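Here the structure is laid out as structure tokens; the discussion comes afterwards.
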Amino acid sequence: MSDAAFRFGNKQTTGNVAEVASSGRVLPAWWLVFKRELSELWIWGKALTLVILYSIYLGVSSYIFAASSELSLIPPKEMVYLTISGAITVGLFVALIIGADSFSGERERATLEALLLTPANRIQIVLGKFLASTSPWLVAMIIAVPYIIVLSQGDAILGTAMLWGAILGTILTPAFTAFGMLVSLWTNSNRTSYFVSLTAYILLLLPVQFPTSAKAGTYGKFLQQLDPLEGADHFLEKIIVSNRTAAELMPFLWTSILFALLIFVVLFFFAAPRLRLDGGVPVKFHRKKNGNVAISVLIALCWLSLSSHPVKALQPAQRGSFHISIDKTSAVAKNGDKIEFHTVVTNTSAQTSPPLIVAMNIINLDSTGDVVDPEDWSPERTQYLTSLKAGQSSNQSWILNTILEGNYMVYMVLIPTPADHRSTSQPVTSEGIHVTVTHFTRLNPGGVLPFSVGIPLLLILIMLGLLRLRNRGIDMGNS
Amino acid sequence: MNFSPDSKSLTPQPDVLVADGLRKIYGRRRALQGLSFSLKSGRVLGFLGPNGAGKTTAIRILTTILEPDSGYFFVDGIGSEEPEEIRRRIGVLPESLGFPKQITAIDFLSYFGQLYGQSANNARRNTLVLLEEVGLQNRAKSLVGTYSRGMRQRLGIARALINNPAVVFLDEPTLGLDPRGQQELLTLVKRIARDRKAGVILCSHLLAEVEGICDDVVILNHGQIVAKGSVAEVVGRVERNMILISLLKIRVPSSFLAKARQILEATPGVQNVSSSDDSESRLEAELINPTGENPDKIYQINNRLLSDLIHAKIPVLSFDMGGRLRDVFLHLTEENIE
């Protein structure tokens, strides 16, 4: 060929390609990649294994919640929230693991080059893999439904909880899948991809574990809103447990939505068209410098939020005198039983009292026994009374859930509300109830046991069935 | 730029691949320095060079996996600015191609067929034809994970042919195969070029085999072409311009070793004779062809030597004079390869 002919090209082709041009329906590349990946993930791959592990986690945690529910340690609303929150957290982990393997894994197995050598559009390849990688979330959501129904114990929050759980999971899981894929797209080895993805996941998960005081300050709230996981978790908790509306909590959800949008844009519009055989971020990233700045900012925010605890009132003051009586002196109950008792608060002074607070306290009488956390023993251990006129009385009902064998003293404390922030008041104590708790356990609390055992077993059977079905048409002989 | 057409082909074949001035630099290393060559349909081009010569970089550029820093290329009339269209027209067996283990050969090839725009039915039909062509029809429904190395290489070639490409790139297709596997695969390569009228670029270190099946050859060293043309042209051109030293290896029974050595030492053009009287009783010698003499001189020396050994009634167990291409390669690249 002459140089001139070469420069202008020769569009006359050999026609080899045309010979195999198809009659019949040609499927788009993203759909082909999606189907292939789906098959790899579910029939032979890690998705089913991870989902089985996830169902075991749900089974165990639901059993524990249900057992606690029998003791009324956790109200149904809170159990529903904890189950959905746990399902999303573990679902995100599964999504991240699958996403993080998507390209670096193919690079390691040397299967990516064959895919890149096809005329399939790079964005379609990424889209197909992305859709397949998000599939475990759909299954995880379906698996969580029976657990949530059982644990809700008919509470009206069930519908709202499932709706918002599904919405949050459907925002976060694809976002984390995309994040894992993004890391995988830019790295050559699975080890690096997993390390980076999981480190980022743990860093985002950390604020969820911060103590309440750390979340209370201005910076604590700012951190909550800044972290897509913490923001979504806070949103879910307040919607389910505290009956708050979505409208007032939207600031906590925006970060998750923006995070998801940002990751999708970077994955599909920036990284996917530049998908290459070798990994590597196509822009310079001064990791060390940026990492130091990020860590410094994080430490500063934590310190500020932890230090922003409420200021204590200091000055003492006392108004009126009071008496609190109790209708029991002792009680013997089995572990898991409820003990109901009543108190009467009387204003014995000649003047109207300030608003009053009655609080329940429990002490373990056995010096070698566990320290009692009163929160575990009663869903409502503090009651607030309005002012009592001179000589006026007020009745209160209390429920005590026995959760641990042993000897305990239950007593009530009456606290007159201090007049202002510089004054204090003198608490008044009731007589005690000597509570003896004896041994008792139930095997199937709340009827959750069949689900805890049955669903993982069912999934294992499905996995075996799929393998058997797939192996039917396969010659299993070795070379 | 074209190579001489094969004497057997009467009608000139079209260029299915033309590369012009391809350059690629990694940091301070110049991987490719102006690669230009062309390939006609139905011909096999041996793409040779020592490790690090730039072969894999060149192939990755020509298969659109890498972008060149400069230069241009056409595949089947399509310019390098249309990589997706080029990918429709090429088939590639990369040097280290991985295979998913839990998939049957039929499903594997059908999947790729569909990615090339074939309907599911057509892809399956083409798959069955290809599996027969590469001799895997009896293991079509086996999991790829149960395949031997040779079977996987043949499956890789079938994958490279699923779109009936105009150009097929085979990077070290015989790597890790036993001699029979190598022979079968090279026969298959020749058949692909002949029957499918595809241009084949074959990267291999098996120079004797390459010489046997390649029509043309490009030898790369340090990112530059040091020789290109038909095998005969390249060998002839080099032999005319160098003192060609060939290594001759002869094996005779132990009792005839001394006598054979005498004959070798007495033959003009033979130097540095050495022998090892181990269980194989081998003799090694260098054959020298001085500058400007007839390029066939070395073969005349060989013939005379063999004739002398036969006349002396020495049983010749093996007589390996090496390939001409191998000698040319070693001369041009100044590296030893096995």
Side-chain angles (χ1 to χ4, degrees), chain A residues 1-3 5-29 31-33 35-36 39-40 43-45 106-122 124-125 276-278 467 470-471 473-479, chain B residues 1-2 14-16 18 20 38 41 60 63-66 72 74 76-79 84-85 87-90 92 94 96-104 111-123 126 139-143 146-148 151 156 159 162-166 196-198:
Chain A
M1 179 186 281
S2 69
D3 276 356
F6 170 70
R7 292 283 174 209
F8 290 105
N10 175 12
K11 284 275 181 181
Q12 190 180 357
T13 65
T14 55
N16 283 20
V17 176
E19 284 171 24
V20 292
S22 307
S23 59
R25 192 167 164 230
V26 176
L27 298 168
W31 175 252
L32 294 167
V33 174
K35 271 200 326 180
R36 175 85 210 103
S39 156
E40 287 240 327
I43 298 181
W44 305 105
E106 287 228 37
R107 285 193 183 101
E108 276 192 355
R109 297 186 287 274
T111 50
L112 185 62
E113 191 167 1
L115 194 58
L116 296 182
L117 284 166
T118 67
N121 179 281
R122 305 294 202 240
Q124 292 208 26
I125 291 175
R276 298 177 307 180
L277 183 61
D278 296 316
L467 284 175
R470 185 70 173 80
N471 289 350
I474 293 174
D475 168 16
M476 299 302 282
N478 290 322
S479 60
Chain B
M1 196 187 298
N2 291 348
D15 283 324
V16 284
V18 182
D20 183 39
S38 62
S41 70
R60 287 194 168 160
T63 56
T64 75
I65 290 287
L66 274 181
Y72 206 71
F74 282 97
D76 201 21
I78 305 294
E84 280 187 20
E85 284 305 310
R87 287 200 285 271
R88 288 185 196 285
R89 289 163 168 77
I90 58 172
V92 189
S96 52
L97 177 65
F99 293 88
K101 290 176 181 169
Q102 305 290 352
I103 188 171
T104 63
Y111 168 59
F112 277 98
Q114 289 183 78
L115 282 175
Y116 279 99
Q118 299 166 22
S119 68
N121 287 340
N122 277 7
N126 292 334
R139 297 297 302 274
K141 290 182 178 175
S142 297
L143 294 177
T146 65
Y147 277 21
S148 67
M151 290 165 80
R159 195 204 63 80
I162 192 72
N163 54 328
N164 198 15
R196 291 174 167 266
K197 300 285 178 231

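All values reported here derive from a predicted model rather than from experimental measurement. Every chain is numbered from 1 and lettered A, B, ... according to where its sequence line falls, protein lines coming before strand lines.
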**Request:** Tell me, please, which residues at least two apart from Glu113(A) pass salt bridge (charged side-chain N to carboxylate O under 4.0 Å, His left out).
**Result:** Arg60(B)

**Under 4.5 Å from any heavy atom of chain B - which part of Leu115(A)** = both

**Item:** chain B interface, residue from Glu106(A), Arg122(A), Glu108(A) that has the most non-hydrogen pairs under 4.5 Å
**Value:**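 The residue among Glu106(A), Arg122(A), Glu108(A) with the greatest pair count is Arg122(A).
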
**Asked** Of the backbone (N, CA, C, O) and the side chain (C-beta and beyond), which part of Tyr116(B) lies under 4.5 Å from a heavy atom of chain A, both, or neither?
**Response**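 For Tyr116(B), backbone and side chain are both near chain A.
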
**Message:** Counting only non-hydrogen atoms closer than 4.5 Å, does Ala120(B) touch chain A with its backbone (N, CA, C, O), its side chain (CB onward), both, or neither?
**Reply:**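 When you check distances to chain A, only backbone atoms of Ala120(B) fall under 4.5 Å.
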
**Item:** ring-ring contact (aromatic ring centres under 6.0 Å, His included) partners of Tyr111(B), counting only residues at least two apart
**Value:**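 For Tyr111(B), no residue satisfies ring-ring contact (aromatic ring centres under 6.0 Å, His included) once neighbours in sequence are set aside.
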
Quick one: closest heavy-atom pair of [X] and [Y], and the distance?
| X | Y | answer |
| --- | --- | --- |
| Ala120(A) | Arg87(B) | O-NH2, 4.5 Å |
| Asn121(A) | Glu84(B) | ND2-OE2, 3.6 Å |
| Glu40(A) | Pro100(B) | OE2-CB, 3.5 Å |

From [atom1] ([X]) to [atom2] ([Y]), nearest 0.5 Å:
| X | Y | atom1 | atom2 | answer |
| --- | --- | --- | --- | --- |
| Leu277(A) | Leu66(B) | CG | CG | 7.5 Å |
| Arg36(A) | Gln114(B) | CZ | CD | 11.5 Å |
| Ile125(A) | Leu115(B) | CD1 | CG | 7.5 Å |
| Leu117(A) | Thr63(B) | CG | OG1 | 5.5 Å |
| Thr118(A) | Arg159(B) | OG1 | CZ | 8.5 Å |

**Item:** For chain A, the option from Gly113(B), Gly98(B), Ser96(B) that forms the most heavy-atom pairs under 4.5 Å
**Value:** Gly98(B)

